[in-house]
Amino acid sequence: MIPPDLTREVKISLKTAMGQLGYILGQIDDEGQAENILLQLKAVKALLDKTTLELLDGTYRKAMAEKIALAHQNCPGDCGNEAAIERLRRLFSDIPLEEVPERLKEAEALYERLKKYLSKKNLDTPLSGK
């Protein structure tokens with residue numbers, strides 16, 4: 001889920017990009033505006049890149065932190081994933097934003113393996129989260 005303050009920021013960025021694109025559409029037939037159009041396109045691209053990174057940081061990174069924390073808290077010490085959990089926990093703050101979605105998948109897979117392990121061992125360690 002995207003937090004409301006981030007949703008607001010993303011909407012503002014998207015509306016700004018739409019305004020810039022509208023300007024570009026209005027100027028596209030004017031050959032004298034070619035340089036300005038390229039400049040505006042670069043500005044739109046930069047704005048969308050920034051917005052994408054904000055979404056990654058605000059949603060994926062939070063979800064990943066929750067999965068790592070849950071796995072770390074609930075692994076009884078012999079769950080078979082200790083090394084992977086510890087690696088993700090130590091590297092978390094240094095993971096580049098572009099890699100966050102892939103690392104989130106890794107954390108989710110660890111979480112699922114841990115759930116199966118706890119169920120198989122009939123351990124009542126509560127796992128919360130999705």
Side-chain angles (χ1 to χ4, degrees):
M1 180 176 180
I2 302 172
D5 58 327
L6 182 56
T7 300
R8 205 170 20 263
E9 290 176 25
V10 167
K11 285 181 179 180
I12 290 169
S13 294
L14 292 175
K15 287 177 183 178
T16 301
M18 289 170 59
Q20 287 175 299
L21 289 171
Y23 171 80
I24 292 167
L25 281 172
Q27 300 296 312
I28 198 75
D29 292 325
D30 184 350
E31 289 180 20
Q33 291 293 317
E35 189 174 329
N36 190 36
I37 289 170
L38 288 174
L39 183 64
Q40 291 297 318
L41 285 171
K42 286 181 183 180
V44 170
K45 182 182 182 318
L47 180 61
L48 292 175
D49 288 345
K50 176 182 169 275
T51 303
T52 300
L53 290 176
E54 287 172 351
L55 274 172
L56 283 173
D57 195 41
T59 54
Y60 282 106
R61 193 175 286 275
K62 179 182 176 191
M64 189 169 105
E66 289 171 355
K67 294 293 183 190
I68 293 170
L70 285 170
H72 186 259
Q73 291 168 359
N74 291 290
C75 180
D78 62 348
C79 67
N81 294 297
E82 298 84 5
I85 293 168
E86 183 59 23
R87 181 178 56 80
L88 280 175
R89 195 178 70 74
R90 278 186 286 113
L91 294 175
F92 177 74
S93 62
D94 296 327
I95 296 173
L97 284 175
E98 305 80 41
E99 293 180 22
V100 169
E102 190 59 37
R103 296 294 165 247
L104 176 59
K105 288 178 190 174
E106 186 178 348
E108 287 173 342
L110 280 171
Y111 173 78
E112 291 302 319
R113 287 197 302 266
L114 183 56
K115 274 185 8 182
K116 287 178 186 174
Y117 172 84
L118 293 173
S119 175
K120 184 175 152 184
K121 296 283 188 175
N122 292 321
L123 296 174
D124 61 357
T125 305
L127 281 172
S128 57
K130 287 186 170 184

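One-based numbering along the sequence shown.
- Taken together through direct or relayed side-chain contacts under 4.5 Å among Ile, Leu, Val, Met, Phe, Trp and Tyr, M18 and I28 form parts of separate hydrophobic clusters.
- The hydrophobic clustering, which links ILVMFWY residues whose side-chain heavy atoms are closer than 4.5 Å, places L14 and L21 together.
- Classification of K105 and E108 as a salt-bridged pair fails, no side-chain N sitting under 4.0 Å from a carboxylate O.
- Considering every non-hydrogen atom in both I24 and I37, the closest pair reads CG2-CG2, 3.8 Å.
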Could you check N36 against Q27 for side chain to side chain contact (heavy atoms under 4.5 Å, CB included), going step by step and ending with a plain yes or no? CA-CA 9 Å; N36 190 36; Q27 300 296 312; 5.5 Å; no
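- Listed here is the closest heavy atom pair of C79 and L114: CB-CD1, 3.6 Å.
- Of the possible polar contacts, one joining the T16 side chain to the I12 backbone as a donor-acceptor pair under 3.5 Å is found.
- A salt bridge links R90 with E86; the closest basic N to acidic carboxylate O contact falls under 4.0 Å.
- With rounding to the nearest 0.5 angstrom, the CZ atom of R113 is 13.0 Å from the NZ atom of K120.
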Residue pair L88, R103: steps toward the side chain to side chain contact (heavy atoms under 4.5 Å, CB included) verdict: CA-CA 8 Å; L88 280 175; R103 296 294 165 247; 4.1 Å; yes
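- Taking both residues in full, the closest heavy atoms of S13 and T51 are given as CB-OG1, 3.1 Å, listed atom of the first, atom of the second, then distance.
- Sorted pairs that involve residues 27-38 and meet salt bridge (charged side-chain N to carboxylate O under 4.0 Å, His left out), not counting sequence neighbours, are lacking altogether.
- Listed by first and then second residue, the side-chain hydrogen bond (donor to acceptor under 3.5 Å, both in side chains) pairs that reach into residues 41-50 are K45-D49, K50-E54, sequence neighbours excluded.
- In this structure a side-chain-to-backbone donor-acceptor pair under 3.5 Å is missing from Q40 to L38.
- Between V44 and Y23, every side-chain heavy-atom pair lies at or beyond the 4.5 Å cut-off.
- Scanning all heavy atoms of the two residues, the minimum distance from L47 to A17 falls at CD2-N, 3.6 Å.
- The OG1 atom of T7 lies 8.0 Å from the CG atom of L55; values are rounded to the nearest 0.5 Å.
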